[in-house]
Amino acid sequence: MLHRFLAFTTLFAAAIGYAQVSKQPEPPLKGETFGFAFDKSKVFPGTTRNVTIYVPKQYDGKTPACVYVNQDGVQYNAPAVFDQLIAEKAMPVTIGVFVTPGVVKAANKDSLPRFNRSYEYDGLGGDYARFLLDELLPEVETKKTADGRTIVLSKSGNDRAIGGASSGAVCAFTAAWERPDAFTRVFSAIGTYVGLRGANEYPTLIRKYEPKPIRIFLQDGSKDLNIYGGDWWMANQEMERSLTFAGYEVKHEWGEEGHSGAHGTRVFPEAMKWLWADYPKPVKVGLGSPQMKEILIPGEGWKLVGEGYKFTEGPATNAKGEVFFNDVGASKTYKIDTEGKPVVFLENSKGGDGQRFGPDGKLYANATAEKKVIAWDAEGKPTTIAEGFRGNDLVVLHNGAIYDTDPFETANNSKVYYISPKGEKKVVDTGLKFANGITVSPDQTLLYVADSRTHWVYSYQIKPDGTLADKQKYYHLHVHDRDDDTGADGMRVDRDGRLWVATKIGLQVCDQAGRVLCIIPTPNGKIANLTFGGPEMDVLVVACGDKVYSRKVKVKGANAFDAPFKPKAPQL
């Protein structure tokens with residue numbers, strides 16, 4: 001009996017063991033990795049770099065795949081992590097592109113190569129995103145796997161993630177920041193958000209820019225670098241606080257380690273799960289700052305008014321809220337009709353540029369082709385108001401006085417003209433590098449002039465005789481990293497006293513104390529001028545190169561042809 005019992009228990013144990021073994025999950029299918037060298041870049045000329053492609057086994061070679069791009073080549077044991085997560089359906093079928101920074105080969109054996117890593121990764125602006133989208137990823141799609149599958153990558157930003165460590169993390173965030181239409185999911189490990197090439201500005205810009213569809217996972221440790229460029233640990237925490245303030249989808253994992261990839265590698269699987277959570281639901285757009293919420297309407301975006309122009313300028317609003325604008329290159333003036341469509345008002349505007357309506361209902365415009373200021377009546381009949389200078393932008397006050405900028409006559413020594421209600425002309429300021437946009441405060445006691453070739457808007461006190469006093473570099477504007485100046489152009493004020501400035505990075509909205517509250521980009525990344533139109537003066541109309549857009553907002557514009565009034569004081 002004992003022998004039979006022992007034999008039975010042995011067989012039972014063996015059966016249990018077999019059952020346990022049979023229930024073990026099968027190892028995930030292993031994807032294929034292969035590489036190539038890329039040396040065809042025009043964005044970063046002369047560079048060569050290595051690229052590794054990961055293609056999951058589940059990819060069918062036909063359906064556009066999701067994309068993950070990683071800087072500094074393969075990191076975080078990513079191919080094995082992707083094998084596992086794709087098998088678990090914790091992330092979609094994703095092709096990985098792991099790319100090293102560019103190097104310009106040495107001229108000879110006694111010289112050094114040019115190492116592009118900091119230039120490409122730490123630098124702000126859209127060059128690296130353009131390199132990926134226009135050059136590298138199209139090249140990836142020319143490759144095939146060992147079994148002949150073609151590579152087809154999704155072009156949707158919702159299907160693309162990007163990541164990296166240290167400077168590679170800044171590079172990943174910058175690509176998404178500049179092109180959220182192309183990358184919306186970011187993995188950032190020990191990110192270099194410090195003062196090497198301007199990334200220390202991101203915590204401020206995140207708080208001020210109209211929010212973008214970006215979801216980001218941040219990792220860092222308390223023993224990270226604290227050197228000449230800044231404090232990595234504090235900078236990453238500042239990034240997290242700014243992203244949270246602006247309502248972004250952000251998650252972080254803080255540790256105690258230093259500037260290494262160990263912690264990032266440990267959290268990478270969970271980071272990928274979180275970044276791809278709820279896919280294919282799109283990544284949410286951030287909620288924005290309180291200052292942004294005061295002026296923008298949730299869900300109310302830009303609408304195309306017209307396109308195909310040579311160069312649009314001078315949007316101006318009359319007392320009815322009707323908007324007129326110039327196509328400078330075609331020398332035509334358009335009126336936006338009641339259905340929101342542009343129709344020709346003037347077949348020949350005489351080179352019309354900046355323009356505003358006056359209290360008499362006439363359209364006052366700089367006719368640059370004739371070096372005149374012309375007032376056009378409702379039937380399109382012109383009257384010369386002043387001549388002898390090539391005006392750029394102007395404003396007409398409630399009392400009929402005009403201020404006009406002339407940046408063309410003398411290089412780096414622009415003139416500001418005053419034209420009295422009687423037509424008397426005189427220069428009231430000189431010295432700006434390129435005096436451009438011009439407007440007045442709602443109480444019409446302060447004149448504002450944009451100096452396009454700097455980051456300043458000047459403020460002056462208007463004296464009873466029209467002369468200017470107390471000149472000050474007052475409004476401090478942000479400059480895009482790729483630019484040497486703001487390109488500040490047309491300006492308007494709203495009824496709360498905010499100053500709206502058209503710049504190269506978008507509309508910069510400032511409080512009366514001279515501080516930028518928020519930045520609103522335009523759909524095509526261009527803007528020369530703006531106005532508030534519509535019956536309630538709450539429709540923003542912007543001239544953007546070959547296009548004109550509009551957008552309903554919460555605030556109302558203040559028109560200089562109306563009676564002056566005192567706005568509320570800013571918080572100091």
Side-chain angles (χ1 to χ4, degrees), residues 22-38 40 49-100 129-164 172 175-176 179-187 213-215 217 265 268-284:
S22 66
K23 291 180 180 179
Q24 292 296 316
E26 295 183 7
L29 298 174
K30 187 175 182 181
E32 177 185 344
T33 58
F34 59 95
F36 65 94
F38 183 73
K40 303 175 184 177
R49 68 196 71 229
N50 296 319
V51 182
T52 302
I53 303 174
Y54 160 84
V55 182
K57 197 71 173 176
Q58 294 87 341
Y59 173 62
D60 62 13
K62 300 176 182 178
T63 307
C66 293
V67 187
Y68 174 82
V69 179
N70 198 85
Q71 281 53 247
D72 284 319
V74 179
Q75 295 177 318
Y76 321 119
N77 197 25
V81 171
F82 290 175
D83 287 341
Q84 186 66 48
L85 295 183
I86 292 171
E88 296 174 0
K89 300 188 183 303
M91 65 181 288
V93 173
T94 303
I95 289 176
V97 179
F98 304 88
V99 54
T100 61
R130 187 160 56 91
F131 159 73
L132 290 178
L133 299 172
D134 297 346
E135 298 182 340
L136 187 65
L137 294 183
E139 182 71 14
V140 168
E141 290 189 296
T142 68
K143 310 301 179 183
K144 290 189 177 183
T145 63
D147 58 6
R149 287 174 291 167
T150 58
I151 294 177
V152 184
L153 306 176
S154 172
K155 304 301 187 291
S156 168
N158 193 52
D159 297 345
R160 296 190 193 187
I162 188 166
R179 292 294 303 274
D181 61 309
F183 299 100
T184 60
R185 306 168 196 271
V186 180
F187 175 70
I214 297 175
R215 179 184 293 177
F217 188 103
T265 299
F268 185 69
E270 290 304 314
M272 288 296 105
K273 288 182 181 180
W274 181 78
L275 287 175
W276 290 106
D278 301 323
Y279 178 83
K281 289 183 179 179
V283 169
K284 296 178 182 177

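What you see below is based on every heavy atom in this structure, not just the backbone, and it leaves out hydrogens, waters and symmetry mates.
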Quick one: list whatever passes side chain to side chain donor-acceptor pair (under 3.5 Å) with [X], sequence neighbours left out.
{"X": "T33", "value": "none"}
{"X": "K30", "value": "none"}
{"X": "R179", "value": "D181"}

(message) Run the side chain to side chain contact (heavy atoms under 4.5 Å, CB included) test against N50 and tell me which residues pass, sequence neighbours left out.
(response)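 Expected list: A37, T100.
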(request) Name all residues meeting the side chain to side chain contact (heavy atoms under 4.5 Å, CB included) criterion together with R130; count only those two or more places apart in sequence or in a different chain, and write none if there are none. (result)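 R130 satisfies side chain to side chain contact (heavy atoms under 4.5 Å, CB included) with V43, D127, D134 only.
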State, yes or no, whether a side-chain contact exists between [X] and [Y] at a heavy-atom distance under 4.5 Å.
{"X": "I95", "Y": "Y59", "answer": "yes"}
{"X": "N77", "Y": "F268", "answer": "no"}
{"X": "R215", "Y": "W274", "answer": "yes"}
{"X": "T63", "Y": "V93", "answer": "no"}
{"X": "Q75", "Y": "F98", "answer": "no"}

Minimal non-hydrogen separation, [X] against [Y], with atom names:
{"X": "G61", "Y": "V152", "answer": "O-CG2, 4.4 Å"}
{"X": "V186", "Y": "A176", "answer": "CG2-CB, 3.5 Å"}
{"X": "F183", "Y": "V69", "answer": "CE2-CG2, 4.1 Å"}

Residues two or more places apart in sequence or in another chain: which of them pass salt bridge (charged side-chain N to carboxylate O under 4.0 Å, His left out) with [X]?
{"X": "D278", "answer": "none"}
{"X": "K273", "answer": "E270"}
{"X": "K57", "answer": "none"}
{"X": "K40", "answer": "E139"}

(request) Output all residues satisfying ring pair (Phe, Tyr, Trp, His ring centres under 6.0 Å) with F36, sequence neighbours left out; order by chain, then residue number. (result)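 For F36 there are no ring pair (Phe, Tyr, Trp, His ring centres under 6.0 Å) partners, ignoring immediate neighbours.
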(message) Could you work out, with ring pair (Phe, Tyr, Trp, His ring centres under 6.0 Å) as the rule, every residue matching W276, not counting sequence neighbours?
(response)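 Only Y279 meet the ring pair (Phe, Tyr, Trp, His ring centres under 6.0 Å) criterion with W276.
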(request) Test V99 against Q71 for side-chain contact (heavy atoms from CB on, under 4.5 Å), laying out the working first. (result) CA-CA 5 Å; V99 54; Q71 281 53 247; 3.9 Å; yes
To the nearest 0.5 Å, what is the distance between [atom1] ([X]) and [atom2] ([Y])?
{"X": "I151", "Y": "K143", "atom1": "CD1", "atom2": "NZ", "answer": "9.0 Å"}
{"X": "F34", "Y": "T145", "atom1": "CZ", "atom2": "OG1", "answer": "6.5 Å"}
{"X": "T94", "Y": "D159", "atom1": "OG1", "atom2": "CG", "answer": "8.5 Å"}
{"X": "K155", "Y": "L137", "atom1": "NZ", "atom2": "CG", "answer": "8.5 Å"}
{"X": "L153", "Y": "L133", "atom1": "CG", "atom2": "CG", "answer": "11.0 Å"}
{"X": "N158", "Y": "K281", "atom1": "CG", "atom2": "NZ", "answer": "12.0 Å"}

(request) Give a yes or no on whether a salt bridge exists between D60 and K62, defined as a side-chain N under 4.0 angstrom from a carboxylate O. (result)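 Not counted as a salt bridge, because no side-chain N and carboxylate O are separated by less than 4.0 Å.
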Enumerate, atom names and distances included, each donor-acceptor pair closer than 3.5 Å involving a side-chain atom of residues 83-92, sequence neighbours excluded.
unit_1: D83; atom_1: OD1; unit_2: G31; atom_2: N; d: 3.0
unit_1: D83; atom_1: OD1; unit_2: Y54; atom_2: OH; d: 2.7
unit_1: Q84; atom_1: NE2; unit_2: E88; atom_2: OE2; d: 2.8

(message) Looking only at the aromatic ring of each residue, does the gap between the centers of Y68 and F82 stay below 6.0 angstrom?
(response)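 That pair passes the under 6.0 Å test.
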(request) Please answer whether the main-chain N or O of G157 pairs with a side-chain N or O of T184 as donor and acceptor at a distance below 3.5 Å. (result)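 The answer is yes, because a donor-acceptor pair under 3.5 Å joins these two groups.
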(request) Look at the side chain of Y76 and the backbone N and O of G164, then say whether any donor-acceptor pair between them is shorter than 3.5 Å. (result)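 Confirmed, Y76 side chain pairs with G164 backbone.
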